[in-house]
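One structure is given here, and the rest of the page talks about it.
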Amino acid sequence: MPELPEVEITRLGLMPLINHKVSQVVIRNSSLRWPVNLALNSILKDMPLVGLQRRGKYIFASFPIGTLIIHLGMSGRLCIASKKSAVQKHDHVDIIFNGPENKILRYRDPRRFGSITWTEDDPYQHKLIMSLGPEPLDNEFSADYLYEKLRNKSVCIKNAIMNSHVVVGVGNIYASESLFQARVQPHRPAHKISKDEIKSIVDAIKDVIENAINKGGSTLNDFFDVDGKSGYFQNEHHVYARKGMPCYLCDHPILQITLGQRSSFYCKNCQK
DNA sequence: CTGTTCTCCTGTGGGC
DNA sequence: TGCCCACAGGAGAACA
């Protein structure tokens, strides 16, 4: 489950492909979350990749005439492969580039929750992107902003911060981790959280995400960066998936509850 | 508008 | 060892 840090690491890892021209697009399986445009091969042929940006968990791969909006979903992964890399079972799309090395941007996604969407318009105006909330590391994502945004919302705070229209990039794992760090219990209604606690939550989200990016990291067993090296952040959760195990701060057992049909973990003693 | 539930999918792991 | 099945989850769609 790539979260924002993994997506950012992936984007950075793909930068060597910039300015390379597409020679061929191979679509082995077009049935991702939305059907992949089967005309991509003719659309992108001879087009140079001119930019790689990120908005939330979406990667924008831009070409002179349009943009691929890519989401890794649950199990998606982008890597730079070569002609001699064996194609594996769930390698659904290859974008093959010209040049002596014949680099390949390869999309693999066993569960196919991800998506590759072609647009010739401004990607920031795309309906998937337009209404996204602020980036967690931007100054725009502040205690003032979040407090205002949540003051009338009765949903629990964990579901609120996982809502990409509130703030992007906070998935199930980092939501639990951030709330532990902020010492706020996940099931509390969002509008009953004090301004000070909101500030702690904002700080915690920034800290957790920044940390994960700096560690090059992953919270995911099957996340690999573009060179195939495993992330090494995966066993550093304080509460996630630690049901019944002792809290690192106070030894109380970590509790698991279900919120919005997703597992949530917290320490009843440390979080208020 | 808000909040809730459903949905897509395959790999993994527990139980027997 | 093999079979069955619950579970995992991003986030839009559909629904109340």
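Convention: sequence-line order gives letters A, B, ...; per-chain numbering from 1.
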Q. Looking at A:Tyr248, is A:Arg242 sitting on its ring face, NZ or CZ under 6.0 Å from the six-membered ring centre and within 45 degrees of the normal?
A. yes

Q. What nucleotide among C:dG12, B:dC9, B:dT5 has an atom nearest to a side-chain atom of A:Gln261?
A. B:dT5

Q. When the distance from CD1 of A:Ile69 to C1' of C:dA11 is rounded to whole Å, what number comes out?
A. 15 Å

Q) Would you say A:Lys89 reaches B:dG11's phosphate, i.e. side-chain N/O to OP1/OP2 under 4.0 Å? A) yes

Q: Ignoring the backbone of A:Phe113, work out which of C:dA8, C:dG10, C:dG12 is nearest its side chain.
A: C:dG10

Q.
It should be established whether A:Ser263 places a side-chain nitrogen or oxygen under 4.0 Å from OP1 or OP2 of nucleotide C:dA8.
A. yes

Q: Taking only the side-chain nitrogens and oxygens of A:His165, find out if one of them lies under 4.0 Å from OP1 or OP2 of C:dA11.
A: no

**Q.** Shortest side-chain distance from A:Val155, nucleotide among C:dG9, B:dG11, B:dT4
**A.** B:dT4

**Q.** Length of the line joining A:His71:NE2 and C:dG9:C1', which is rounded to integer Å
**A.** 11 Å

Q) Does the gap between the ring centers of A:Phe113 and A:His71 come in under 6.0 Å? A) no

Q) Can you name the closest pair of heavy atoms from A:Phe265 and A:Val239 and give their distance? A) CB-O, 3.2 Å

Q) With no angle test and no hydrogens, is the base of C:dG10 tied to the side chain of A:Arg111 by a donor-acceptor pair under 3.5 Å? A) no

Q. Can you check the A:Lys158 NZ to C:dA11 C1' distance for me, whole Å?
A. 14 Å

Q. At under 4.0 Å, does any side-chain N or O of A:Tyr58 touch on OP1 or OP2 of C:dG12?
A. yes

Q: For B:dG11, take OP1 and OP2 only and decide whether either is under 4.0 Å from a side-chain N or O of A:His90.
A: yes

Q. Does A:Asp94 come within less than 4.0 Å of A:Arg106, counting only side-chain N to carboxylate O?
A. yes

Q | OP1 or OP2 of C:dG10 under 4.0 Å from side-chain N/O of A:Arg33 | A | no

Q: Side chain of A:Arg262 only, please: which of C:dA13, C:dA8, C:dA11 is the nearest?
A: C:dA11

Q) Between atom CG in A:Asp91 and atom C1' in B:dT10, what is the gap in whole Å? A) 15 Å

Q. Once you round it to whole Å, what is the distance between C1' of B:dT2 and CG of A:Asn159?
A. 13 Å

**Q.** Length of the line joining A:Leu259:CG and B:dG3:P, which is rounded to integer Å
**A.** 15 Å

Q: Starting from P on B:dC9, measure out to NE2 on A:His92 and report it in whole angstrom.
A: 11 Å

Q. Within 45° of the axis and under 6.0 Å from the centre of the six-membered ring of A:Tyr147, does NZ or CZ of A:Lys195 qualify?
A. yes

Q) Of the nucleotides B:dG11, B:dT10, C:dA8, which one has an atom closest to the side chain of A:Gln256? A) C:dA8

Q | Spacing between A:Trp34 atom CH2 and C:dG12 atom P, to the nearest angstrom | A | 6 Å

Q.
A side-chain contact here means heavy atoms from C-beta on lying under 4.5 Å apart; do A:Tyr240 and A:Asn172 qualify?
A. yes

Q | Side chain of A:Leu128 - closest among B:dG3, C:dG10, C:dG12 | A | C:dG12

Q | G-U wobble or Watson-Crick pairing nucleotide for C:dA16 (cut-off 3.5 Å, both distances) | A | B:dT2

